[in-house]
Number of protein chains: 2
Amino acid sequence: MFYIESEMTQIRPFTQAIDRLKTVHLRPTRQRLGLVRLLFEGGNRHVTAEQLHAEAQAAQIRVSLATVYNTLNQFTAAGLLREVTVEAGRSYFDTNVSDHHHFFHEDSGRLQDIPSDQVQVKDVPPPPPGTAIARVDIVVRLKSQEK
Amino acid sequence: MFYIESEMTQIRPFTQAIDRLKTVHLRPTRQRLGLVRLLFEGGNRHVTAEQLHAEAQAAQIRVSLATVYNTLNQFTAAGLLREVTVEAGRSYFDTNVSDHHHFFHEDSGRLQDIPSDQVQVKDVPPPPPGTAIARVDIVVRLKSQEK
DNA sequence: GTGATTGCAAATCTTTTGCACTAAA
DNA sequence: TTTAGTGCAAAAGATTTGCAATCAC
């Protein structure tokens, strides 16, 4: 342990990001590392490709929008992210892949997690013959309160 | 009552379609009447704009795809239809506007109603301050059963 | 007549893809 | 080296829009 504090905080997150990618068998490229750090350092997030691309630019991480899309899809396929569908025409990606649901603020387009223990679906009907339930999604749509 | 049977069955649905449009203050144009009849004569339906346009063509109802889109949006705004979002990139419109939920067959893209009395959400969390719940959507995603 | 509605083509928006170039193993 | 990954521009798919022609009232 001979790193000084400032070096530690620089290096540790990189190591974590690299490990996260290695775990899912994706090469830790400069672009993926940058996106992993934006996505996973700092709590649960819900982002669109466009948003993440803008953030990357702001953070001096040079990456094309096409690569952001491809990366988000790869991360989703690898189980690092979960795609949330609340609006036709726009895809959100959620860094929280555990069982939970969402509030959706219709006017701002913002998503917010609802822990799974806070909502329960009572009596999910049996799936039709020949099918199995892949997932149950609950979206609580919110409008701003009119007085 | 002096119409013969064949004339009755011709005329009654038109009258109903006209009334349905008048109720929501939309002029009963040839295109809207055709679409209303396709949508509402024959049980609950879940359609995309593309599907409805194809049906209209098949039924000799001349209407452009742009008008189908505009009409579906107008009907939704008027409360005649409800938009169901299950896949980013495609909008479904549901002729059932009462409180209910959906099965979504992921491989076929088919939607199926779940009557509201068959699922219950237990303990919907309170909406964040300044907001009110507009709607709670439950989508049960189905995959075809692999043996 | 007059304002609403329609059709068409063009525009827009989001997302995907083909391919030559670059980088990781 | 060898194969995976990237950027760019072009393509694709869904939906919206501008505007002249048409239709309902």
Side-chain angles (χ1 to χ4, degrees), chain A residues 14-15 17-38 46-57 60-78 80-93 109 111, chain B residues 14-15 17-36 38 46-57 60-78 80-81 83-93 109 111:
Chain A
F14 269 112
T15 312
I18 290 171
D19 288 347
R20 199 185 289 264
L21 287 171
K22 284 194 173 160
T23 304
V24 297
H25 306 293
L26 288 174
R27 287 187 183 176
T29 63
R30 180 175 56 75
Q31 292 82 342
R32 286 185 183 148
L33 282 172
L35 297 179
V36 164
R37 301 192 57 193
L38 286 178
H46 304 91
V47 296
T48 64
E50 207 71 57
Q51 279 167 15
L52 186 59
H53 183 240
E55 270 186 48
Q57 309 244 274
Q60 312 283 338
I61 299 166
R62 289 190 357 300
V63 56
S64 72
L65 181 57
T67 295
V68 172
Y69 271 106
N70 291 337
T71 303
L72 287 172
N73 287 333
Q74 290 160 174
F75 284 8
T76 301
L80 254 35
L81 295 175
R82 171 171 146 184
E83 193 172 351
V84 182
T85 305
V86 282
E87 272 187 319
R90 214 199 324 246
S91 277
Y92 289 82
F93 294 87
L111 274 172
Chain B
F14 270 110
T15 311
I18 290 170
D19 289 347
R20 198 183 290 263
L21 287 172
K22 284 194 173 158
T23 305
V24 297
H25 307 291
L26 288 173
R27 289 189 182 175
T29 64
R30 180 175 56 73
Q31 292 81 342
R32 285 185 184 149
L33 282 171
L35 296 179
V36 164
L38 286 178
H46 304 90
V47 296
T48 63
E50 205 72 59
Q51 278 166 16
L52 186 60
H53 184 242
E55 271 185 49
Q57 309 244 271
Q60 312 283 337
I61 299 165
R62 286 186 4 295
V63 57
S64 71
L65 181 57
T67 296
V68 172
Y69 271 106
N70 292 336
T71 303
L72 287 172
N73 288 333
Q74 289 160 173
F75 284 8
T76 302
L80 254 34
L81 294 176
E83 192 172 351
V84 183
T85 305
V86 282
E87 274 187 318
R90 211 197 329 241
S91 277
Y92 288 83
F93 294 86
L111 273 173

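Remember, it's a predicted structure, so these values are computed and weren't measured experimentally. Order of the sequence lines fixes the chain letters, A, B, ..., with proteins taken first and strands second; residue numbering starts at 1 for each chain.
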Might you point out which heavy atoms bring B/Thr85 and A/Ala88 nearest each other, and give the distance in Å? CG2-N, 3.4 Å
Whole angstrom value for the distance that separates P of D/dA24 from CD1 of B/Ile18: 11 Å
Rounded to the nearest 0.5 Å, how far does CD of B/Gln51 lie from OG1 of B/Thr48? 3.5 Å
Main-chain N/O of B/Ala54 paired to B/Gln57 side chain as donor or acceptor, under 3.5 Å: no
Spacing of B/Glu87 atom CD relative to D/dG13 atom P, expressed in whole Å: 15 Å
Within residues 66-76 of chain A, the residues having a heavy atom closer than 4.0 Å to DNA chain D are A/Ala66, A/Thr67
For residues 19-31 of chain B, which side-chain N or O atoms pair as donor and acceptor with protein atoms under 3.5 Å away, sequence neighbours left out?
| unit_1 | atom_1 | unit_2 | atom_2 | d |
| --- | --- | --- | --- | --- |
| B/Thr23 | OG1 | B/Asp19 | O | 2.7 |
| B/Thr29 | OG1 | B/Arg32 | N | 3.2 |
| B/Arg30 | NH1 | B/Arg62 | O | 3.1 |

How would you list, by chain and number, every residue that makes a side-chain hydrogen bond (donor to acceptor under 3.5 Å, both in side chains) with A/Ser91, sequence neighbours excluded? A/Glu83
Between A/Leu21 (CG) and C/dA23 (P), how many Å, whole number? 18 Å
If you look only at pairs with a residue in residues 84-93 of chain B, which of them pass as a salt bridge (Lys or Arg N to Asp or Glu O under 4.0 Å), with sequence neighbours excluded? B/Glu87-B/Arg90
Selection: residues 22-31 of chain B, any non-hydrogen atom under 4.0 Å of DNA chain D: B/Arg27, B/Pro28
Separation of A/Leu65 atom CG from C/dT15 atom P, in whole Å? 9 Å
What is the distance, to the nearest angstrom, from the CD atom on A/Glu83 to the P atom on C/dT15? 8 Å
Only pairs under 3.5 Å count here: list side-chain donor-acceptor contacts from residues 67-74 of chain B, not counting sequence neighbours, and write none if there are none.
| unit_1 | atom_1 | unit_2 | atom_2 | d |
| --- | --- | --- | --- | --- |
| B/Thr67 | OG1 | B/Ser64 | OG | 3.1 |
| B/Asn70 | ND2 | B/Ala66 | O | 3.3 |
| B/Thr71 | OG1 | B/Thr67 | O | 2.6 |
| B/Asn73 | ND2 | B/Tyr69 | O | 3.4 |

Tell me the interatomic distance from A/Arg32, atom CZ, to D/dG5, atom C1', rounded to whole angstroms. 6 Å
So does B/Ser91 get a side-chain nitrogen or oxygen closer than 4.0 Å to the phosphate oxygens (OP1/OP2) of D/dT15? yes
Does A/His53 have any ring-ring contact (aromatic ring centres under 6.0 Å, His included) partners at least two apart in sequence or in another chain, and if so, which? none
When rounded to the nearest 0.5 Å, the distance separating CG of A/Leu38 from CD1 of A/Ile61 is 4.0 Å
Nearest 0.5 Å, please: how far is CG in A/Leu52 from CZ in A/Phe93? 9.5 Å
Interatomic distance, B/Ile61 CD1 vs C/dG7 P [rounded to whole Å]: 12 Å
Separation of D/dT15 C1' from B/Glu50 CD (nearest whole Å): 10 Å
Taking all non-hydrogen atoms of both residues, which atom of B/Leu65 and which atom of B/Ala49 are closest, and how far apart? CD1-O, 4.0 Å
If we fit an axis to the first five pairs and another to the last five of the helix from C/dG1-D/dC25 to C/dA25-D/dT1, what angle do they make, to the nearest 10°? 30°
